[in-house]
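Input: a single structure, listed below in structure tokens.
Small disclaimer: the values here were computed from a predicted structure and weren't measured. Counting convention: from 1, in listed order, for ligands and their atoms alike. Heads up: numbering here begins at 1 and tracks the sequence.
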Amino acid sequence: MENKKELRNWLDTFGLDHPLVIAGPCSAETEAQVLKIAHQLKETDTTVFRAGIWKPRTRPGNFEGVGALGLKWLQKAKEETGLLTTTEVANANHVDLALKHDVDILWVGARTTVSPFIVQELADALQGTDKTVLIKNPVNPDLPLWLGAVERFYEAGLKNLGVIHRGFSTYEKTRYRNNPEWQIPIDLQNRFPDLPLILDPSHIAGRRDIIFDLCQTALDLNYDGLMVETHYDPDNAWSDAKQQITPETLHQMTIDLRIRKKGDAALEFQNELNTLRTQIDVIDNKIVEMMGKRMKIADTIGGLKKQHNVAILQRKRWNEVLGRMILRGEETDLSEEFVLKLYKAIHQESINHQKKIIND
Ligand code: PEP
Ligand code: MN
């Protein structure tokens with residue numbers, strides 16, 4: 001696949017002066033629920049109405065979607081509100097039914113993007129149509145796998161494409177339901193600047209309170225749009241209750257979010273500078289987070305040394321670490337002087353941590 005302007009034609013035809021907003025419930029539950037939310041969203045910046053019809057659940061026994069019946073509700077929502085519609089498809093039969101019910105945009109879920117066989121099945125089922133397809137990142141942090149899925153659609157002749165960043169699963173529990181790993185979409189954006197990039201803050205967050213901040217980071221990174229799970233009664237939603245927000249909250253959020261203005265060369269320069277600065281912020285956050293993790297391990301080592309009555313400073317080990325990191329630094333263009341200073345500071349912090357443990 002090449003980076004081509006044509007990839008974003010579908011988005012440009014909307015002629016929006018703000019990022020694209022896709023919103024709607026995690027799942028279509030009843031006809032009344034679908035229609036009520038669609039009508040509420042009509043009063044917001046929303047262009048595309050989303051609702052899951054077939055729900056991929058990690059474990060069986062949860063609500064698995066209303067199935068094909070819900071497609072009629074989506075059709076009705078479109079008729080009544082003029083909003084475009086989108087739903088998740090996960091096999092050729094879903095594609096067939098979605099096409100028959102005139103769903104405007106199809107999305108590929110995170111659990112589907114991991115499987116080249118299923119992605120190929122979807123691409124084959126869509127061949128010869130001009131549907132817009134949005135591909136969510138795979139659950140695992142694997143950029144080639146994500147890109148591979150996009151390429152399968154591109155090679156099947158689908159040129160209206162986009163990607164949705166919904167975060168990556170981790171075994172470790174973090175503040176996120178799915179870790180954003182911003183560096184992955186940033187790398188993708190650097191390689192394919194014209195491929196529309198949309199944030200799904202809902203599945204990254206897994207909770208309501210950090211959705212705004214995630215959206216702001218994405219807009220600062222020049223994302224093209226947002227896909228936000230929205231329900232009039234989030235707490236009683238049949239799926240993903242904790243992460244959904246009301247259409248009113250969504251509306252207020254689009255007012256409060258800072259959006260970059262496009263325009264003259266000075267503005268473009270400022271935008272580019274701000275995007276690069278946000279990329280640096282993402283890395284800085286990661287550095288501090290990793291340092292915290294490193295010190296936690298140092299604390300455990302401190303405990304072990306205390307138990308076995310061993311001195312904190314192990315000079316031989318320290319010299320090995322330093323030598324290894326200076327060599328690694330050379331590979332990534334960091335001066336010996338910098339690596340030395342950096343590691344002296346890290347080592348000192350590590351010793352301070354261990355001293356605290358030993359003296360406790
Ligand atoms: C969804 O959008 O409701 C969904 C199931 O998403 P994901 O594939 O990202 O888990
Ligand atoms: Mn969901």
To the nearest 0.1 Å, how far is [atom] from its closest protein heavy atom, and which atom is that?
atom                   : result
atom 8 (O) of ligand 1 : A110 N, 2.8 Å
atom 4 (C) of ligand 1 : H203 NE2, 3.5 Å
atom 6 (O) of ligand 1 : K136 NZ, 2.8 Å
atom 9 (O) of ligand 1 : R166 NE, 2.6 Å

R50 N/O under 3.5 Å from ligand 1 N/O: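 Yes; the residue has a nitrogen or oxygen that sits under 3.5 Å from a nitrogen or oxygen of the ligand.
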Any N/O pair E229/ligand 1 closer than 3.5 Å: yes
Does atom [atom1] of [X] have more than 12 heavy-atom neighbours, drawn from other residues, nucleotides or ligands, at distances under 6.0 Å?
X    : atom1 : result
D130 : CG    : no
I255 : CD1   : yes
Q270 : CD    : yes

Shortest non-hydrogen separation from D240 to Q244 and the atoms involved: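 In this case the closest contact between D240 and Q244 is O-CG, 3.1 Å.
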Nearest heavy atoms of I198 and L134, plus distance in Å: CD1-CD1, 4.1 Å
Protein N, O or S atoms under 2.8 Å from the Mn ion (ligand 2):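 The number of such protein atoms is 4.
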Heavy-atom gap C26 to ligand 1 smaller than 4.0 Å: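 Distance cut 4.0 Å: C26 passes for ligand 1.
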Within-shell test, E88 vs ligand 1, heavy atom, strictly < 4.0 Å: yes
Gap between atom OG1 of T86 and atom CZ of R50 - 0.5 Å precision: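 Rounded to the nearest 0.5 Å, the CZ-OG1 separation comes out at 8.0 Å.
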From CA spacing to verdict: salt bridge (Lys or Arg N to Asp or Glu O under 4.0 Å), D104, K78: CA-CA 10 Å; D104 299 288; K78 171 158 54 173; 3.0 Å; yes
Evaluation steps, side chain to side chain contact (heavy atoms under 4.5 Å, CB included), between Y223 and H165: CA-CA 10 Å; Y223 278 45; H165 171 213; 2.9 Å; yes
Salt bridge flag under 4.0 Å for residues K76 and E79: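 Judged by the 4.0 Å cut-off on N to carboxylate O distance, K76 and E79 do not form a salt bridge.
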Element-labelled atoms of ligand 1 that are located less than 4.0 Å from some non-hydrogen atom of G109: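 Answer for ligand 1: 8 (O).
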Element-labelled atoms of ligand 1 that are located less than 4.0 Å from some non-hydrogen atom of R111: 7 (P), 8 (O), 10 (O)
Expected output: side-chain T300 to main-chain K296 donor-acceptor under 3.5 Å: yes
Side chain to side chain contact (heavy atoms under 4.5 Å, CB included) evaluation trace for L250 with V21: CA-CA 10 Å; L250 174 76; V21 179; 4.2 Å; yes
